[in-house]
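Take a look at the structure below.
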Amino acid sequence: MSAAQLLRHSRKLRSLQNAGCERSSLVRYFSSGTGSFVKENGVAKRTGGTRFSKHSQPAKELETFSLGVSRSYTWTRASNSLIPSSVGGLNGSFSCGQVASARPFSSGADLPPHQEIGMPSLSPTMTEGNIAKWLKKEGDKVSPGEVLCEVETDKATVEMECMEEGYLAKIIHGDGAKEIKVGEIIAVTVEEEADLEKFKDYKPSSSAEPAAPAESKAQPEPSQPKVEEKAPAKTPEPKAPKNEEVSQSGDRIFASPLARKLAEDNNVPLSSVKGTGPDGRILKADIEDYLASVAKGGQREAFAAPGLSYVDIPNAQIRKVTANRLLLSKQTIPHYYLTVDALVDKLVTLRRELNPLQDASGGKKISINDLVIKAAALALRKVPQCNSSWMNDFIRQYHNVNINVAVQTEHGLFVPVVRDADKKGLGTIAEEVKQLAQKARDNSLKPADYEGGTFTVSNLGGPFGIKQFCAIINPPQSAILAIGSAEKRVIPGSADGQYEFGSFMSATLSCDHRVIDGAIGAEFLKAFKGYIENPTSMLL
């Protein structure tokens with residue numbers, strides 16, 4: 001790349017000849033197909049080379065070269081370093097720790113400088129994502145902070161913002177693109193509007209895929225293992241006739257023991273699998289191929305009995321993650337359950353008295369669930385052992401009481417978090433819960449809206465009339481409180497022989513027995529019941 005192109009690429013460099021040369025760096029990250037500088041007529045040019053971060057090269061000092069800004073610069077590297085260790089000429093030399101810019105240049109000689117945008121990791125557990133929709137189209141100018149697109153992560157739909165000024169030259173994955181791996185290129189931006197046309201037919205090279213360059217050196221080696229794989233494939237063949245000799249009558253299906261075990265573990269009917277072994281014998285590889293095709297939706301109909309009418313509904317990312325986490329919870333956490341019934345007449349009365357005050361001040365109405373959240377938060381402050389997580393070698397007890405609230409939407413189950421609920425008033429909790437619930441229904445929750453919870457409340461009583469249920473713990477938390485509906489019961493009155501009616505609400509605490517012993521769980525429910533039956537104590 002010529003010095004003129006380098007200057008055009010960076011607006012900071014263009015301002016060097018007029019500015020006082022504040023401390024900055026000329027270090028750039030060149031893709032494969034680029035390399036060392038050669039000085040020619042006072043202008044630096046590059047010859048072939050490799051990425052600094054991918055390939056080790058002998059120590060050397062690149063030649064001093066001119067950039068046309070009345071200064072010269074020297075770029076050096078340490079003997080065992082893959083990144084330049086210093087750059088001289090810009091008011092001194094700088095250590096590698098001061099290098100801030102690392103943007104890839106184009107790998108093709110016919111392409112101008114550009115930046116490839118990869119699928120970001122927008123949550124700690126995200127490995128792939130979907131493009132919900134692009135808010136910018138090809139050719140649009142983009143600025144830092146502007147939203148490029150909406151990405152469906154494993155937990156929510158998150159807005160992806162632009163980091164640098166430029167123009168959106170090419171969208172690789174359009175609206176609705178599914179299962180894009182983290183780091184996979186989704187778009188390309190350029191700095192100059194005149195360069196947009198050059199990326200009309202742009203396709204990312206395979207070397208741009210994550211981890212692909214690291215495997216480039218190992219490509220010749222797999223040729224030997226492939227030869228070895230063919231030899232073991234022949235070893236089962238002599239055993240096939242022995243199995244077939246047992247019985248050739250009826251509709252018996254011949255399969256290797258390993259294939260049968262794999263099919264049994266994955267509930268795969270052998271009659272649906274076509275064998276590729278001798279005389280149609282089903283091998284392990286056949287079962288694996290079948291499972292892979294089912295995962296891609298190729299043979300879903302094989303699981304349905306003949307004559308059934310059905311429709312296959314694709315699973316959203318949130319559904320997949322919820323399924324995996326709940327399965328992990330039930331398989332690895334020793335659940336036990338404690339249930340208590342609390343009289344809620346005073347709670348209902350307090351709510352009836354507070355809501356007119358909320359209306360007068362323009363606040364949101366307080367719901368029974370808001371009062372439950374507040375009572376649970378104060379009970380956790382009294383019994384902090386329930387506000388903990390199992391960390392294998394130790395138990396982590398949290399000082400913050402952050403309550404996740406389960407919200408069911410058409411997109412799946414979300415659990416936004418109310419932070420420091422024990423320190424907030426009922427009006428503030430009511431406001432936050434309604435805002436978070438609306439975000440969940442709009443599928444617009446951000447990671448900050450649902451991460452960091454220490455305890456969860458799930459209420460199926462008020463909205464659905466469920467009397468009592470046991471919820472599954474949301475890892476890494478150690479407990480979840482399931483709230484049922486209130487029902488009227490006959491209770492003894494104040495005088496002998498008299499009876500009254502009272503409304504009782506069922507609350508079931510699911511506990512992780514590794515963290516919460518039975519007596520500790522009972523202590524929490526006792527504190528929770530006390531706040532529910534005497535709600536004015538929550539206001540103290």
With a 4.5 Å cut-off on side-chain heavy atoms, are Ser537 and Tyr531 touching?
yes

For residues Glu138 and Leu196, determine if any side-chain heavy atom of one lies less than 4.5 Å from a side-chain heavy atom of the other.
no

What is the ring orientation for Phe528 with Phe524, classed by angle as parallel under 30°, tilted 30 to 60°, or perpendicular over 60°?
parallel

What about the rings of Tyr167 and Phe199, do their centers lie closer together than 6.0 Å?
no

Any donor-acceptor N/O pair, Lys467 side chain to Ser485 backbone, under 3.5 Å
no

Side chain to side chain donor-acceptor pair (under 3.5 Å) with Gln477: which of Thr454, Asn387, Asn404?
Asn404

Would you say that Arg419 contacts Asn400 through its side chain, given a criterion of any heavy-atom pair below 4.5 Å between the two side chains?
no

Within 6.0 Å of CZ in Arg260, more than 12 heavy atoms from elsewhere
yes

Hey, what do you get for NZ (Lys136) to CE (Met160), rounding to the nearest 0.5 Å?
13.5 Å

Under-4.0 Å salt bridge between Lys434 and Asp370:
yes

Check: Val418 and Val405 side chains under 4.5 Å, non-hydrogen atoms
yes

I'd like to know whether Phe464 forms a ring pair (Phe, Tyr, Trp, His ring centres under 6.0 Å) with Phe469, so could you lay out the CA-CA distance, the side-chain angles of the two residues, the decisive distance to 0.1 Å, and finally the verdict.
CA-CA 12 Å; Phe464 304 103; Phe469 69 103; 9.7 Å; no

Does Lys261 pair with Asp265 as a salt bridge, N-O distance under 4.0 Å?
yes

Salt-bridge criterion met for Arg489 and Asp341 (N-O under 4.0 Å)
yes

Side-chain ion pair, Glu410 and Arg441, N-O less than 4.0 Å:
no

Could you check if a side-chain atom of Lys424 sits within less than 4.5 angstrom of a side-chain atom of Glu432, using non-hydrogen atoms only?
yes

